[in-house]
There are 2 protein chains.
Amino acid sequence: MHADKAVVIGLNAAIVTVSDDQPKILVVPHEETDGASGWDALPFGPFNPVRHRTLEIGLRSWVQEQTQLELGYVEQLYTFGDRGRHSLETDAPGEHVVSVGYLALTRGYDETLKGAAWCDWYRYFPWEDWREGKPPIIDQAIVPLLREWAGRQSEAPPEELARGKRRDRMRLCFGVDDVAWDDEKALERYELLYSAGLLLEAARDGRPNARGLTGKHAPNLGRPMQFDHRRILATAMSRLRAKIKYRPVAFELMPPSFTLYELQKTVEALLGLHVHKQNFRRLVENAGLVERTGRMSTRTGGRPAEQFRFRREVLNERPAPGLKLAPSRSRANS
Amino acid sequence: MHADKAVVIGLNAAIVTVSDDQPKILVVPHEETDGASGWDALPFGPFNPVRHRTLEIGLRSWVQEQTQLELGYVEQLYTFGDRGRHSLETDAPGEHVVSVGYLALTRGYDETLKGAAWCDWYRYFPWEDWREGKPPIIDQAIVPLLREWAGRQSEAPPEELARGKRRDRMRLCFGVDDVAWDDEKALERYELLYSAGLLLEAARDGRPNARGLTGKHAPNLGRPMQFDHRRILATAMSRLRAKIKYRPVAFELMPPSFTLYELQKTVEALLGLHVHKQNFRRLVENAGLVERTGRMSTRTGGRPAEQFRFRREVLNERPAPGLKLAPSRSRANS
DNA sequence: TTATATATGCTCACAATGAGTATATTTAGG
DNA sequence: CCTAAATATACTCATTGTGAGCATATATAA
């Protein structure tokens, strides 16, 4: 009776760290399945309800076993009923997997991890890194392809309306016309590109692309991942970029002692944006998020910076704030 | 091999509407299980991965079947590996249920629903409604009980530290001392009360309460629910209260045409707070969220108000904003 | 010594926000 | 008809938060 309802729960973790001013994600280079040979995967483990009382306990357990990494902050992202969206063929027949995505932060230890490796997350999302200005891939590839897609015949009857909606989606997601870039829309952008058939995952799942072509003619925007793993990663990015602004999660990625500029660099790496330096300091200090250690940084290159540490007490004072920052338009004061 | 990993997915929906200025939740009065006789439950349905491609489709499907309600906005909340927290005894032996909680909004049709009924959500959370000022239950019952709990012997070794943390949690959650009340902390408050053993669910799960008593001696704060359903509802409240401030979801609960004051009343009902009327109008109008219909409200009692409708176009203009509002301290201008 | 690079302090204009006052338009009741 | 009460709506004002830039301090390299 329950046979067709029984499923296996898979836990996927987007484990994030920042080192050398780059946000990195732990990936398993390429998995057994041949259908997606060479495509990276997020670390994955099944949930065993007998052994682990909660999903998070189960997650921490196998991550610990497999990677020896100690996770700091852990947050549930989303539960998907269909792993690879429309292509369930890769599952074992008769077995249904529901996957629960998690975001986890860890301080970057560059240990060698058996089977897994740290990879710059912008390799999967080259359009998300605006620290050096607008990524050329947007104007060179993405926007033209999306325009084509938006102008295409739609399946649904209200022809003009559908086109207009597609155009609006593009404008809002990629900051065309005078719309501002919103770093938190990473997931929406991924989904838009997927809908438009511009990602290899979409081709894999049999969606027509912008030129109405399927399969190998799909454009290749960013590195693909197995199943819906790139989507999970996009969810993680969106969530983390949002969260950093109202909760002090950035400190989970910092060493015990750091300079304000190092903190800023970490935040910028995650947001993929530049931040106004003086205002960033003002914000961090006024919010009472840090306290001076007295020690100075011995780095070379200019006046030494003071080292700070995270003020854990903020968590008990006000409802601990985050780093509400705005991108700095000019690159002058970087 | 997979036998111990196989689980059944349960979908729980917190279906919310607002009518007569009261936020209401659809509940199933009392379920079959006798262990929790008389405790309300959220509508529940199993997920069948063969019949439905995604979790949300599955959810919409059985809600439609069972209630004939048409859901507008639907959002996934959280996935729990343990339904009743520590008490899994109520599950059928050998069957594990992972439940996925959903928030759904619907315009309040007061149809008679077979087996289900609309219930004011503040009956489950009497401390969350501050529209008539601070609810007396807080100072009369909650804070004293929490103080007792905070002062209690802790199990963990660092005695003083644990007490301090409990006191801080209480302060931040319930706005003791000079901490401001935060309407979005509904979930944190529920979890705090649960931890402190002040809810019947906690007693059911065998947690000691503030006086170190278990079972029937537990205080009764708000109406309890089956399994972890009240927790899911608290999650829904927190999420909705947060979301309303940056996404135009409130309109999902409004009729096609409404006055600004009706909109305000709906928002206030959800937030459990009073809002400054003039500033509310300014906000809603400046954000371009509404447009005039020209028609006037024929209600009695004073100058007629103009009817507005939701401006769907905002969704395509800017990244559609919500109703960023602050509680008004004085009740003067309500 | 000077150029350069970074850190840090400070100012200023402007927008957003909280709160209040003033006025308009209705009904209820004499 | 007049007035009080109730509600709707317009406008003002002080305060705060935020974006941006200038100025100064302290290091290293040539």
Side-chain angles (χ1 to χ4, degrees), chain A residues 21 180-183 245-246 257-265 267-268 271 273-308 318 321-334, chain B residues 21 180-183 245-246 257-265 267-268 271 273-308 318 321-334:
Chain A
D21 298 338
W181 175 261
D182 182 352
D183 59 283
K245 287 160 199 155
Y246 62 96
S257 175
F258 48 84
T259 70
L260 293 187
Y261 194 49
E262 286 163 358
L263 178 64
Q264 181 183 340
K265 283 295 194 183
V267 169
E268 288 180 336
L271 299 186
L273 288 175
H274 266 292
V275 160
H276 188 283
K277 189 168 172 173
Q278 295 93 319
N279 291 347
F280 180 80
R281 310 183 108 260
R282 176 176 63 186
L283 182 76
V284 173
E285 294 191 294
N286 289 352
L289 286 165
V290 296
E291 62 190 357
R292 301 170 183 280
T293 64
R295 277 170 303 167
M296 297 302 251
S297 163
T298 60
R299 292 192 326 92
T300 168
R303 173 172 167 179
E306 185 163 1
Q307 304 245 343
F308 289 77
R318 76 208 80 186
L323 302 166
K324 278 216 175 166
L325 15 80
S328 92
R329 231 152 290 288
S330 70
R331 299 228 33 230
N333 240 313
S334 78
Chain B
D21 299 338
W181 175 261
D182 182 353
D183 59 282
K245 287 160 200 157
Y246 62 96
S257 175
F258 48 84
T259 70
L260 294 186
Y261 193 50
E262 286 164 359
L263 178 63
Q264 180 183 339
K265 283 295 195 182
V267 169
E268 288 180 337
L271 300 185
L273 287 175
H274 265 292
V275 160
H276 187 281
K277 188 169 174 176
Q278 296 93 319
N279 290 347
F280 181 80
R281 310 183 109 260
R282 176 175 66 185
L283 182 76
V284 172
E285 294 191 292
N286 288 353
L289 285 166
V290 296
E291 60 191 357
R292 301 172 183 279
T293 64
R295 277 170 303 168
M296 297 304 251
S297 164
T298 60
R299 291 192 327 91
T300 169
R303 173 174 169 179
E306 185 163 1
Q307 303 245 344
F308 290 76
R318 78 209 77 188
L323 303 167
K324 278 216 175 167
L325 15 81
S328 91
R329 230 153 291 287
S330 70
R331 299 228 35 230
N333 242 314
S334 76

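Below, each value reflects all heavy atoms present in this structure, side chains not excepted, and no hydrogens, waters or symmetry copies. Order of the sequence lines sets the chain letters (A, B, ...), proteins ahead of strands, with each chain counted from 1.
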What integer distance in Å separates A:Gln264:CD from C:dT8:P? 11 Å
Provide, to the nearest angstrom, the distance between the CG atom belonging to A:Leu283 and the P atom belonging to C:dT8. 16 Å
Could you tell me how far apart A:Asn286 (CG) and D:dT16 (P) are, to the nearest whole angstrom? 13 Å
With the side chain counted from C-beta on, respond yes when B:Trp181 and B:Leu273 share a heavy-atom pair under 4.5 Å apart, and no when they do not. yes
Which residues satisfy the side-chain hydrogen bond (donor to acceptor under 3.5 Å, both in side chains) test with A:Arg303, sequence neighbours excluded? none
Residues two or more places apart in sequence or in another chain: which of them pass salt bridge (charged side-chain N to carboxylate O under 4.0 Å, His left out) with A:Glu285? A:Arg281, A:Arg292
Grab the CG-C1' distance between A:Leu323 and D:dT18 for me, whole Å please. 15 Å
Any idea which heavy atoms bring A:Pro304 and A:Ser297 closest together, and the distance? CB-O, 3.3 Å
OP1 or OP2 of C:dT8 versus the side-chain N and O atoms of A:Lys277: is any pair under 4.0 Å? no
Set of side chain to side chain contact (heavy atoms under 4.5 Å, CB included) partners for A:Ser257, sequence neighbours left out: A:Thr293, A:Arg295, A:Gln307
Minimal non-hydrogen separation, B:Val275 against B:Glu268, with atom names: N-OE2, 2.9 Å
Full working for side-chain contact (heavy atoms from CB on, under 4.5 Å) between B:Val290 and B:Phe258: CA-CA 10 Å; B:Val290 296; B:Phe258 48 84; 4.1 Å; yes
Using a cutoff of under 3.5 Å, can you pull out all pairs of nitrogen or oxygen atoms linking the protein to nucleotides 26-30 of chain D, with atom names and distances?
{"residue": "D:dT26", "atom": "O2", "partner": "A:Arg303", "partner atom": "N", "Å": "3.4"}

Point-to-point distance, once rounded to the nearest 0.5 Å, from OG1 of B:Thr259 to CZ of B:Phe308: 8.5 Å
Mind checking side chain to side chain contact (heavy atoms under 4.5 Å, CB included) for A:Leu283 and listing every partner two or more places apart, or none if nothing turns up? A:Leu323
note: B:Lys245, atom NZ; C:dT17, atom P; distance rounded to Å ~ 13 Å
CD of B:Glu306 versus C1' of D:dT7: gap in Å, rounded? 15 Å
Whole-Å distance, B:Phe280 CZ to D:dT7 C1', equals 16 Å
Give me, pair by pair, the N or O atoms of the protein and of nucleotides 9-16 of chain C that are less than 3.5 Å apart, along with how far apart they are.
{"residue": "C:dG9", "atom": "O6", "partner": "A:Gln278", "partner atom": "NE2", "Å": "3.3"}

Find the distance A:Met296:CE to C:dA7:C1' and express it as a whole number of Å. 8 Å
